[in-house]
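Input: a single structure, listed below in structure tokens.
Order of the sequence lines sets the chain letters (A, B, ...), proteins ahead of strands, with each chain counted from 1.
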Amino acid sequence: MTPHDFIGQLAAMIATACEGLFSSWGAPQLASRISIERPASREHGDLALNIAMVAAGTAGRPPRELAEEVIDAIRADAALPALLDSVEIAGPGFINITLAADALAAAAREALFLGPGFGRAAAHDGGRILLEFVSANPTGPLHAGHARYAAYGDSLRRILAFTGHDVTTEFYINDYGTQMDLFARSLASRYGRLTGVDIPMPEEGYAGAYTEHIAGMIHSRDLDVPPLSAELTPQALAFFRQQGRDLVLEEMRSILERFRVFFDNWYSETSLYENGMTEGAIKALLQAGEAVERDGALWLQTSAYGDDKDRVLIRGTGEPTYFASDIAYHRDKLERGFDQLVNIWGADHHGYVGRMKAAFDALSHDPGRLEIVIGQLVNVMEMGERKQMSKRAGTMVTLEELIDSIGVDAARFFLVDRSHDTTLDLDLEKAKLRSEENPVYYVQYAHARICSILARAREEGVAAGAGDSYGDVTDEERSLILKLLELPRVVENAAAYRAPNRITAYGRELAAAFHVFYHNCPVLKAPAASAAFRLDLCKLTRNVIATTLDLVGVSAPESM
RNA sequence: GCGCCCGUAGCUCAGCCGGAUAGAGCGUUUGACUACGAAUCAAAAGGUCACAGGUUCGAAUCCUGUCGGGCGCGCCA
């Protein structure tokens with residue numbers, strides 16, 4: 001449990017208080033099944049327990065009867081009654097709890113005392129995580145699909161780090177193979193046109209305008225270009241491959257930085273060939289007796305480990321496949337000391353999951369250490385029509401266009417606000433029109449509003465720092481505090497389910513709770529004790545909103 | 001044909017290791033600036049949670065099947 005998770009601590013205290021009772025029911029394991037939740041309706045109190053209904057089956061007794069006994073156990077506890085205002089049975093056997101005002105206020109004060117550290121978990125001993133995402137091949141600009149995975153992956157990185165995981169991010173550069181060759185040839189053709197050498201554009205080449213731009217950059221750099229002719233020499237090919245790769249990567253790196261997405265490592269696929277690691281992986285598989293020759297190719301027998309069919313490691317031509325180098329890459333991840341490998345892949349790669357897991361089995365690595373998160377695709381729409389995105393033809397919405405048209409904050413919030421498991425329609429024109437009503441502004445506005453109140457409090461000399469006892473709290477104060485106290489659990493769930501969208505959802509809920517509070521509870525004009533308390537709540541809310549926005553890489557402005 | 005994902009309000013989507021009257025934003029209608037920011041708040045309207053069975057005290061949530069949409073099923077990456 002995250003420290004300072006007041007709600008979780010309360011659940012733990014209740015579990016302890018009920019241990020004897022559960023044993024007497026012949027179901028001691030129930031203590032671990034205590035779950036405490038926020039009821040949907042305000043009438044049902046602050047928190048609710050459903051343990052009596054869960055227990056009814058095994059105990060063989062009516063839930064309301066069991067609930068009575070749970071309540072007795074809670075009332076008999078040494079510490080619990082002081083924290084609770086009321087504990088009641090409701091409906092089919094729910095136990096509804098209303099917290100004491102002092103307990104709420106004390107929890108809020110403790111959270112405020114922690115400052116930006118509220119909700120942050122202590123370091124886990126769960127091992128080192130390597131989070132790999134985007135991993136585009138450097139043959140052109142990043143597009144809207146990459147933008148989604150970039151926003152998602154980077155948010156996940158922030159959330160995992162915040163919840164105490166040791167996480168490293170990596171961009172795998174697919175700078176090897178036929179696509180790179182095609183790209184190099186396309187660049188050579190473009191370059192040839194600039195220098196009066198006729199080099200044909202490959203049939204499936206990259207004809208987008210951006211290749212012209214890159215060729216122009218190469219041209220303007222006054223480099224030592226190998227001699228060119230219609231038939232490209234290996235030297236010429238290598239030259240354009242290298243130049244193209246470097247320029248595109250440079251571009252990617254800077255646009256990702258603008259998008260506030262940072263990678264710890266950039267890992268080159270080509271390097272796996274140059275340092276013999278692809279070969280090494282293949283050898284290891286041969287030694288393990290998992291690879292066999294058939295039809296002139298070398299196959300990995302992945303079907304022995306649940307894959308649909310065996311997969312080729314070395315083609316008839318003698319060239320290793322992408323799969324072979326990918327195995328080498330993952331083997332290296334483990335050798336570098338990472339315990340858990342999390343890969344974010346687009347849905348168009350989900351067919352690849354089975355063989356990769358099978359490869360882990362074949363190398364006697366636990367496939368459980370490889371977690372592949374499949375992100376659904378992004379459809380680019382234009383006036384309600386689906387637009388075909390093609391890097392080759394250059395018809396796509398780039399990450400850069402996205403940022404330029406709606407801004408980093410709105411783009412990141414929008415991309416991460418939907419579950420990664422749902423296809424996302426992106427209409428750039430509509431996104432532009434609607435950027436003004438992006439929910440990100442709702443959350444940011446709450447933050448700015450608080451900053452403004454706090455500034456005025458300083459001017460007017462209104463003191464924060466409430467005392468120990470608060471008497472009653474208003475409904476709006478109570479809702480706001482309860483929402484604030486949810487942060488540790490929300491963050492933990494977001495990490496566990498790899499679901500940054502839970503963070504944005506929470507941010508909206510918190511902002512809403514604050515706006516309601518704001519409209520009903522004057523802060524600066526309240527009596528001194530109340531003003532001090534409410535100022536504390538404002539500060540805490542500001543901290544928590546800033547935390548949630550930061551967890552998805554969105555700024556928290558002081559004014560807007 | 002097989003596999004993965006999705007189907008929830010007019011639109012975009014939350015909620016899914018089962019919980020009480022299914023939520024939010026946008027859009028529509030109507031109110032609130034002589035209180036700290038109206039980028040806000042309050043209220044109304046809007047639903048066979050694709051469909052059909054099953055599991056149980058209880059199903060949007062789990063299981064089976066059907067329909068509809070997306071993606072994949074290369075000696076491409």
Side-chain angles (χ1 to χ4, degrees), chain A residues 35 37 39-41 43-44 48 50 53-54 56-57 62-63 90-94 96 135-137 139 174 176-180 182 204 269 294-299 308-309 311-326 346-354 374-377 379 386 414 417-425 427 430 434 436-446 448-457 459-460 462 496-497 499 501-502 504-505 508-509 511-512 514-526 531 534-535 538 559-560:
Chain A
S35 84
E37 55 194 49
S41 161
E43 300 154 31
H44 297 137
N50 67 352
M53 288 176 298
V54 172
F94 287 101
N96 292 339
S135 298
N137 60 1
T139 56
N174 296 137
Y176 188 87
T178 44
Q179 290 307 318
M180 278 309 286
L182 265 176
E204 295 276 291
E269 181 185 2
R294 196 193 310 150
D295 306 329
L298 186 72
W299 299 73
D308 303 332
K309 45 185 144 180
R311 308 290 175 174
V312 172
L313 290 170
I314 301 181
R315 294 178 254 249
T317 60
E319 267 288 294
T321 58
Y322 178 81
F323 182 42
S325 61
D326 215 12
D348 52 342
H349 285 78
H350 80 257
Y352 197 78
V353 174
I374 297 297
Q376 295 301 315
L377 303 175
N379 293 325
R386 244 179 102 191
F414 173 82
D417 195 33
R418 275 153 196 72
S419 161
H420 66 274
D421 230 354
T422 310
T423 22
L424 186 153
D425 289 341
D427 190 320
K430 274 193 197 163
R434 286 197 186 165
E436 287 303 309
E437 59 204 32
N438 188 305
V440 72
Y441 301 119
Y442 181 78
V443 182
Q444 288 183 320
Y445 182 63
R449 194 178 230 182
I450 295 170
C451 289
S452 160
I453 294 171
L454 295 179
R456 192 169 269 246
E459 281 167 25
E460 296 181 5
V462 180
Y497 292 105
N501 63 306
R502 296 193 183 209
T504 54
R508 267 205 304 265
E509 288 163 15
F514 177 78
H515 286 310
V516 174
F517 161 83
Y518 171 86
H519 273 272
N520 292 286
C521 307
V523 177
L524 303 176
K525 304 202 156 70
R534 288 174 180 175
L535 265 181
C538 285
S559 67
M560 51 194 285

Between [N] and [X], counting only base atoms on the nucleotide and side-chain atoms on the residue, is there a donor-acceptor pair under 3.5 Å?
{"X": "Asn438(A)", "N": "A39(B)", "answer": "no"}
{"X": "His349(A)", "N": "G72(B)", "answer": "no"}
{"X": "Asp348(A)", "N": "G72(B)", "answer": "no"}
{"X": "Tyr322(A)", "N": "C75(B)", "answer": "no"}

Should [X] be listed as having a side-chain N or O under 4.0 Å from OP1 or OP2 of [N]?
{"X": "Tyr518(A)", "N": "A38(B)", "result": "yes"}
{"X": "Thr422(A)", "N": "G70(B)", "result": "no"}
{"X": "Asn501(A)", "N": "G15(B)", "result": "yes"}
{"X": "Arg502(A)", "N": "A24(B)", "result": "no"}
{"X": "Arg315(A)", "N": "A77(B)", "result": "yes"}
{"X": "Arg508(A)", "N": "A24(B)", "result": "no"}

Closest non-hydrogen atom pair between [X] and [Y], with its separation:
{"X": "Tyr445(A)", "Y": "His515(A)", "result": "CD2-CE1, 3.5 Å"}
{"X": "Ala297(A)", "Y": "Gly316(A)", "result": "CB-N, 4.1 Å"}
{"X": "Thr139(A)", "Y": "Gln179(A)", "result": "CG2-O, 3.9 Å"}

Can you tell me how far P of G70(B) sits from CD of Gln376(A), to the nearest Å? 13 Å

Can you measure Trp299(A) atom CH2 to G74(B) atom P for me and round it to whole angstrom units? 10 Å

Given the C1' atoms of C4(B) and G18(B), what is the spacing between them in whole Å? 24 Å

Ring-on-base stacking G72(B) with His350(A) (under 5.5 Å, under 30°): no

Could you walk me through whether Gln376(A) and Thr422(A) pass the side chain to side chain contact (heavy atoms under 4.5 Å, CB included) test, one step at a time? CA-CA 6 Å; Gln376(A) 295 301 315; Thr422(A) 310; 5.6 Å; no

Spatial distance of atom CD1 (Ile374(A)) from atom NE2 (His349(A)) [nearest 0.5 Å]: 9.0 Å

Would you classify [X] as touching base, sugar-phosphate or nothing, given that sugar-phosphate means primed atoms plus P, OP1 and OP2, and contacts are heavy atoms under 4.0 Å?
{"X": "Ala448(A)", "answer": "base"}
{"X": "Glu43(A)", "answer": "base"}
{"X": "Met53(A)", "answer": "base"}

